[in-house]
Amino acid sequence: MKDDLNMTEIISLCKNRGFIFAGSEIYGGLSNSWDYGPLGVELKNNLKNAWWERFVQQEPHNVGLDSAIIMNPRVWEASGHISGFSDPLIDCRNCHTRHRADKLIEEWLHNRELAGIKNEVGSVEAMSQTEMENFIKENKIPCPDCKHCDFTPIRKFNLMFKTFIGVTEDNTNTVYLRPETAGGIFVNFKNVQRATRSKLPMGICQIGKAFRNEITPGNFIFRTREFEQMEMEFFCEPKSAPEWHKYYRQACFDFLVDIGIEQDALRFRDHSPEELVFYSAATTDIEFKYPFGWGELWGIANRTNYDLSRHAEFSGEDLSYTDPYTNETYIPYVVEPSVGVDRMLLATLCSAYRVEKLDDGDERVVMGFKPKIAPIKVAVLPLSKKLEELAFNLYKDLNKHFRCEYDTTGSIGKRYRRQDEIGTPYCVTFDFDSAVDGCVTVRDRDTMVQERVKIAELKDYLHDKIYG
Ligand code: GAP
């Protein structure tokens with residue numbers, strides 16, 4: 001990662017190279033909505049596949065699921081989202097901008113800490129609405145936009161997007177876009193356990209879209225209203241939950257390092273007892289050092305038996321489990337590692353971005369993705385127009401095995417730079433000798449070392465390099 005990386009550099013590279021575009025751009029955009037371009041979708045799919053391979057395929061207790069986005073609204077009553085999934089909204093009376101009261105306080109405390117003033121407030125999350133209002137007034141916390149301190153009282157703003165099923169738009173037909181994928185997993189606990197004849201522990205994993213009407217979205221794809229989550233609900237015996245929490249806390253961290261996120265830009269943050277939600281026995285955030293500061297990337301929580309107990313109560317279904325060996329019946333505890341695909345992608349982009357000074361005084365921008373995560377694995381570059389037919393055939397052959405690009409425009413140096421900037425780990429140059437000796441030159445993105453490789457052995461050579 002570049003030391004002084006800022007979001008503008010990342011956003012601009014993403015737009016220019018086709019990773020991420022502003023949503024609905026030709027209509028002037030839609031605030032904080034983003035579209036993934038040709039490279040963005042490849043990168044996103046590679047991250048999702050890596051997660052699936054690691055947490056579904058390689059974990060003997062785990063299976064996958066793909067549940068509906070629109071669910072029976074009772075699900076969200078049981079989970080507490082209808083009554084409690086809200087942010088404390090506050091308006092500035094002077095400039096009429098809208099803010100989250102908890103974020104205003106956190107930001108103010110953070111700035112004081114930076115100025116060397118010790119923070120004596122336990123946890124902002126644990127503050128009541130009145131405590132937040134009083135705190136803002138007493139400390140004269142200013143509006144970040146106009147610097148006045150004149151705010152309306154706090155109002156609770158529910159973050160779920162509402163819509164209607166069928167033709168009548170009334171309360172009886174109200175449904176919600178899911179605010180997390182977890183709900184679909186909890187309601188399918190019994191189905192999955194019965195159908196797979198699994199004994200506990202058992203993890204159910206799901207990747208899918210989630211929607212939250214965030215008051216203060218921002219920082220590019222860090223906080224958006226439509227995003228994707230990769231969640232696991234790991235159902236286990238109550239006594240074993242702390243061990244599984246510890247296991248997944250480390251497994252998630254190791255996974256991030258394995259996909260190429262810089263270890264120095266990652267840290268664990270265990271929630272203090274005051275910060276924990278009432279049903280959680282332990283929660284750890286894995287935070288990443290984004291260009292705008294440390295922020296949550298992955299949350300790993302021991303949610304006790306709260307979710308299954310609530311769904312059992314609201315649905316009337318028995319969601320307990322009887323251990324076939326001990327005959328003990330209990331409501332399973334749940335360990336939940338939950339991560340946003342978009343945040344993981346942002347951390348991957350930031351970690352990969354570097355600018356290098358070259359010997360000739362020039363600079364090159366390199367996206368140093370791990371080869372298995374890179375959106376394009378191989379670029380095939382013919383050295384001359386006359387070689388295009390042969391080179392294109394080689395590209396078509398390689399493309400059956402790896403995501404490849406074929407580029408004929410500009411000098412070979414310019415083509416290498418373009419591939420460096422999108423993070424392609426290997427460039428294969430087809431030259432005049434290739435047609436005669438059956439070899440091509442393979443250039444390594446990071447070392448820039450070039451090696452002559454037989455075309456007949458190229459597929460295996462690249463496979464070892466990328467996945468070996
Ligand atoms: N089921 C638990 C749950 O949803 P969360 O902390 O609200 O917990 C989990 O969300 C993860 O989803 C976060 O760690 C983050 O990576 C991602 N996430 C949450 N809100 C997001 C948003 N508005 N935009 C992008 N990613 C978000």
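One-based numbering, in listed order, for ligands and for the atoms of each.
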_Residue and atom name of the nearest protein heavy atom (relative to atom 9 (C) of ligand 1), distance in Å to one decimal_ = S338 OG, 3.0 Å
*asked:* Give me the residue, atom name and distance of the protein heavy atom closest to atom 25 (C) of ligand 1.
replied: F222 O, 3.1 Å
*Just jot down the ligand 1 atoms closer than 4.0 angstrom to any heavy atom of E336, in number order.*
1 (N), 2 (C)
*Backbone N/O of V75 and side chain of N72: donor-acceptor pair under 3.5 Å*: no
*For atom 15 (C) of ligand 1, find the nearest protein heavy atom and state the residue, atom name and distance (0.1 Å precision).*
R343 NH1, 3.5 Å
*For ligand 1, which atoms sit closer than 4.0 Å to a heavy atom of E296?*
6 (O), 13 (C), 14 (O)
*N/O of R223 under 3.5 Å from N/O of ligand 1, yes or no?*
no
*Lys NZ or Arg CZ of K44 over Y36 ring: under 6.0 Å, within 45°*: yes
*asked:* Closer than 4.0 angstrom, basic N to acidic O: yes or no for R178 and E180?
replied: no
*N/O to N/O below 3.5 Å, does that happen between G340 and ligand 1?*
yes
*Starting from atom 18 (N) of ligand 1, find the nearest protein heavy-atom neighbour and note its residue, name and distance.*
F227 CE1, 3.6 Å
*Does E231 reach ligand 1 with a nitrogen or oxygen that is under 3.5 Å from one of the ligand's nitrogen or oxygen atoms?*
yes
*Any donor-acceptor pair under 3.5 Å linking the side chain of R93 with the backbone of C149?*
no
*Identify which of T224, I286, V341 has a heavy atom lying nearest to atom 24 (N) of ligand 1.*
T224
*How far is atom 19 (C) of ligand 1 from its nearest protein heavy atom, and which residue and atom is that?*
R212 NH1, 3.5 Å
*For atom 10 (O) of ligand 1, state which one of M232, Q229, E180 supplies the nearest heavy atom.*
Q229
*Flag this pair as yes if the NZ/CZ of R212 is under 6.0 angstrom from the six-membered ring centre of F227 and inside a 45 degree cone about the axis; otherwise no.*
no
*Look only at interatomic distance and state if R303 has a nitrogen or oxygen under 3.5 Å from any nitrogen or oxygen of ligand 1.*
no
*Compute the centroid of each ring, for F234 and then for W244, and state whether the two points are separated by less than 6.0 Å.*
yes
*When you check the gap from the basic side-chain N to the acidic O, do E421 and R418 get nearer than 4.0 Å?*
no
*Run the contact test for L297 against ligand 1 with a 4.0 Å cut-off on heavy atoms, strictly below, and give the result.*
yes
_So that I know where these two stand, are F268 and W298 an aromatic pair - ring centroids less than 6.0 Å apart?_
no
*Check whether NZ of the Lys or CZ of the Arg R343 lies under 6.0 Å from the centre of the six-membered ring of F222 and within 45 degrees of that ring's axis.*
yes
